[in-house]
**Q** 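Dropping the structure in here first, questions after.
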Amino acid sequence: MSGPSRDKQAGLLLDEPLIFERNRPGQMGVDVAEVEADGLLPAELERAELEGMPEVSEPEVVRHFLRLSQWNLSAATTFYPLGSCTMKYNPIANEAAARMPGFAGLHPMTPDGLAQGALELMAELQDMLAEISGMDAVSLQPAAGAQGELAGMKMIRAYHEDRGDPRRRVLIPASAHGTNPASAALCGYEVAQLDGNAQGVVEPDAVRRAMSSEVAALMITNPNTLGIFEREIAQVAEIVHQQGGLVYLDGANLNALMGVAKPGHIGADVLHFNLHKTFSTPHGGGGPGAGPVGVRQVLADYLPNPRIVRRDDAWAWSSDAPKSIGRVRSFFGNFGMFVRAYAFIKALGGDGLTRATQMAVLNANYVRARLQDTYHLAVPGLCMHECVLTDRNLEGTGIKTLDVAKRLLDYGFYAPTIYFPLVVSGALMIEPTESESLETLDEFIAAMEAIAVEAAEDPDAIHAAPVRTPVGRLDEAKAARKPVLRWRADDSAGG
Ligand SMILES: *Cc1c(COP(=O)(O)O)cnc(C)c1O
């Protein structure tokens with residue numbers, strides 16, 4: 001078989017074939033001593049040859065996987081302004097804490113009496129999240145924001161059914177994340193869309209018109225996905241409550257509120273946290289998520305089981321809550337993420353969390369102020385932790401949001417979220433988070449400005465982008481429908 005292709009290499013931008021293509025018969029990773037296997041296994045299970053397995057030396061195996069890992073981008077490798085996703089830096093100290101043998105090696109079926117430290121950490125994390133959000137009780141169990149939404153909507157459903165008033169509709173603003181209507185629909189609700197005003201904000205009058213005794217809940221994101229604070233949230237919540245409905249607050253944007261405003265004090269009855277966004281635990285390919293739910297007293301009976309309780313001066317698990325929606329996740333959730341989030345909150349403290357929020361909002365507004373003339377700003381005025389630009393000012397150049405995103409990769413930046421929220425045409429949603437320095441923001445802004453100049457002077461260069469990545473521009477529809485997972489530099493021409 002042929003060795004690694006060198007055509008595509010530019011300096012140390014390393015090409016990497018499949019491990020099977022590194023196969024050199026006779027190469028070996030580990031030198032295993034000959035074993036006298038006679039009689040150890042039934043004859044039919046003994047194999048003279050391991051057919052189809054690559055034969056590769058240990059250094060080549062290490063290089064293979066290390067190179068593949070280097071094709072991953074993350075907040076540890078580059079600025080990663082993926083709006084709504086809060087790709088903040090994941091502190092190394094969190095990793096050290098999560099790898100402590102007492103945490104990392106703990107079996108989920110360890111008896112409560114031998115897992116007191118882990119239980120106490122979880123109980124404390126619940127309390128800290130309740131304090132940050134102004135909610136009365138928290139369950140850490142859901143494995144992601146979307147699952148937290150599902151758990152929250154199930155609690156809302158159980159609450160209404162319990163009162164003999166099963167309602168059938170949920171109100172959701174047009175700017176919502178797609179998981180909101182999906183979670184409501186999974187709970188059997190019909191979704192009614194609420195249109196925002198010109199600033200994308202939900203107005204009390206719109207809620208008043210849509211509200212009825214058939215509405216179980218309003219699901220609202222604050223700040224909304226345009227990065228704008230829903231100023232009327234308290235009044236909106238009151239309108240919903242007056243007609244017996246509940247308010248679900250999508251807490252994914254807590255990075256704009258933490259330490260400054262508490263959702264529980266502005267009308268939310270239930271919310272989810274994304275530990276992998278706000279509380280710095282790894283995100284995407286880097287680790288599982290964690291989407292704890294917090295509730296006000298009105299929903300406390302319905303929280304998932306089991307719950308952590310204090311019994312005979314010790315921590316214990318209890319499922320003694322008959323109205324609970326039950327279990328939503330095996331065991332107790334993604335425990336390693338709890339350790340990381342706990343470490344993050346403890347390291348920053350209350351003042352540090354407030355400062356993180358302020359820096360996140362300041363960074364987003366710096367990017368907004370510097371780019372709002374070059375690009376077009378979806379909603380004029382101040383933003384919260386993210387700003388939404390559009391490709392409107394590029395009209396006539398043939399360059400669109402997708403092209404800008406692809407070209408950014410050539411400049412060494414991960415692309416912002418694009419074409420979301422759906423209510424903005426050609427959206428480029430930029431969320432720098434508090435992690436970034438002024439120098440990094442300036443470099444990013446310079447790249448965005450350079451792309452705008454290229455769009456006017458040399459649009460073809462952008463249409464071809466990215467040209468400095470291992471794989472060039474893909475046909476996105478084809479890549480989704482007919483994925484070619486076996487990639488070779490030779491056949492990459494044309495995508
Ligand atoms: C990320 C996000 C979600 C879903 O959270 P996951 O943890 O990805 O499941 C929901 N709503 C908003 C606004 C989000 O940004």
Side-chain angles (χ1 to χ4, degrees), residues 75 80-88 90 129 133 139-154 170 172-187 191 193-194 196 200-202 217-230 233 247-258 263 268 270-294 328-329 333-334 336-338 340-341 360 364 383-388 416-424 427-433:
Y80 206 119
L82 199 64
S84 211
C85 296
T86 314
M87 306 302 287
K88 66 172 75 174
N90 307 148
L129 293 176
S133 61
S139 165
L140 301 176
Q141 219 181 87
Q147 208 196 7
E149 288 175 30
L150 184 63
M153 294 313 286
K154 277 173 164 255
V170 170
I172 302 181
S175 61
H177 195 266
T179 48
N180 288 188
S183 301
L186 269 177
C187 283
V191 173
Q193 182 172 306
L194 274 180
V201 169
V202 173
L218 164 72
M219 274 186 111
I220 188 165
T221 309
N222 201 11
N224 64 27
T225 60
L226 287 149
I228 306 295
F229 188 73
E230 295 279 355
I233 182 82
V247 176
Y248 185 103
L249 192 129
D250 180 328
N253 294 340
L254 199 62
N255 216 45
L257 301 183
M258 185 173 62
V270 45
L271 93 167
H272 74 261
F273 306 83
N274 302 64
L275 298 190
H276 46 287
K277 295 181 180 173
T278 320
F279 298 100
S280 83
T281 76
H283 197 169
V293 274
V328 297
R329 170 73 167 75
N334 288 325
M337 297 303 140
F338 306 156
R340 290 171 174 87
C383 62
M384 297 289 282
H385 64 306
E386 61 198 3
C387 68
V388 181
T417 292
I418 56 173
Y419 300 110
F420 179 77
L422 304 178
V423 292
V424 174
L428 277 151
M429 184 200 230
I430 301 168
E431 180 180 10
T433 83

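Order of appearance sets the numbers: ligands from 1, and atoms from 1 within every ligand. Note that the numbering runs from 1 along the sequence shown for the chain.
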**Q** Which of the numbered atoms in ligand 1 are under 4.0 angstrom from any heavy atom belonging to Ser84?
**A**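 Within the 4.0 Å cut-off of Ser84, ligand 1 contributes 13 (C), 14 (C), 15 (O).
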**Q** If you measure every N or O of Asn253 against every N or O of ligand 1, does any of those distances drop under 3.5 Å?
**A**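 Min N/O separation from ligand 1 is not below 3.5 Å for Asn253.
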**Q** Treating Thr225 as the side-chain partner and Ser175 as the backbone partner, does any N or O pair qualify as donor plus acceptor under 3.5 Å?
**A**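 The answer is yes, because a donor-acceptor pair under 3.5 Å joins these two groups.
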**Q** Atom 6 (P) of ligand 1: which protein heavy atom is closest, and how many Å away?
**A**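 Ranking protein heavy atoms by distance from atom 6 (P) of ligand 1, first comes Gly145 N, 3.5 Å.
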**Q** Taking 4.0 angstrom as the limit and counting only heavy atoms of Ala252, give me the atoms of ligand 1 inside it, by number and element.
**A**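 The list of qualifying atoms is 2 (C), 11 (N), 12 (C), 13 (C), 14 (C), 15 (O).
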**Q** Aromatic rings Phe273 and Phe279: how do their planes relate, parallel, tilted or perpendicular, breaks at 30° and 60°?
**A**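 Rings of Phe273 and Phe279: tilted, as their planes differ by 30° to 60°.
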**Q** Looking only at protein heavy atoms, which one is nearest to atom 1 (C) of ligand 1, and what is the separation?
**A**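 Heavy-atom neighbour on the protein nearest atom 1 (C) of ligand 1: Lys277 NZ, 1.4 Å.
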**Q** Please state which protein non-hydrogen atom is closest to atom 9 (O) of ligand 1 and give its distance, to 0.1 Å?
**A**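 Protein heavy atom at minimum distance: Ala146 N, 2.8 Å.
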**Q** Whether the Glu431 and Thr86 side chains hold a donor-acceptor pair (N or O, under 3.5 Å, no angle test) is what I'd like checked.
**A**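 Per modelled atom types, Glu431 and Thr86 side chains form a pair under 3.5 Å.
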**Q** Anything under 30° is parallel, anything over 60° is perpendicular, the rest tilted; go ahead and classify Phe420 against His177.
**A**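 Because their plane-to-plane angle is over 60°, the rings of Phe420 and His177 count as perpendicular.
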**Q** About how many Å separate CG of Asn253 and CD1 of Ile228, when rounded to the nearest 0.5 Å?
**A**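 It is 11.5 Å, given to the nearest 0.5 Å.
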**Q** In the protein, what heavy atom is nearest to atom 11 (N) of ligand 1, and what distance, to one decimal place, separates them?
**A**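 Atom 11 (N) of ligand 1 sits closest to the protein heavy atom Asp250 OD2, 2.5 Å.
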**Q** Do Pro421 and Met429 have side-chain heavy atoms sitting under 4.5 Å apart?
**A**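 When only atoms from C-beta onward are counted, Met429 and Pro421 do touch, with a gap below 4.5 Å.
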**Q** What atoms of ligand 1 come closer than 4.0 angstrom to any heavy atom of Ala144?
**A**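 Under 4.0 Å from Ala144, ligand 1 has these atoms: 7 (O), 9 (O).
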**Q** What protein heavy atom lies closest to atom 5 (O) of ligand 1? Include the residue and the distance to one decimal.
**A**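 Atom 5 (O) of ligand 1 sits closest to the protein heavy atom Asn274 ND2, 3.0 Å.
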**Q** Do the side chain of Glu230 and the main chain of Asn222 share a donor and acceptor less than 3.5 angstrom apart?
**A**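 No; judged by distance alone, with no hydrogens or angles, the pair does not exist.
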**Q** Do Asn224 and Val201 have side chains that approach each other closer than 4.5 Å (heavy atoms only, starting at C-beta)?
**A**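 Of all side-chain heavy-atom pairs linking Val201 with Asn224, at least one is under 4.5 Å.
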**Q** What do you reckon, does Gln147 put a non-hydrogen atom under 4.0 Å from ligand 1?
**A**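 No, that is not the case, since the closest heavy atom of the residue is not under 4.0 Å from the ligand.
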**Q** Go through ligand 1 atom by atom and flag the ones less than 4.0 Å from a non-hydrogen atom of Thr179.
**A**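 The list of qualifying atoms is 3 (C), 4 (C), 10 (C), 11 (N).
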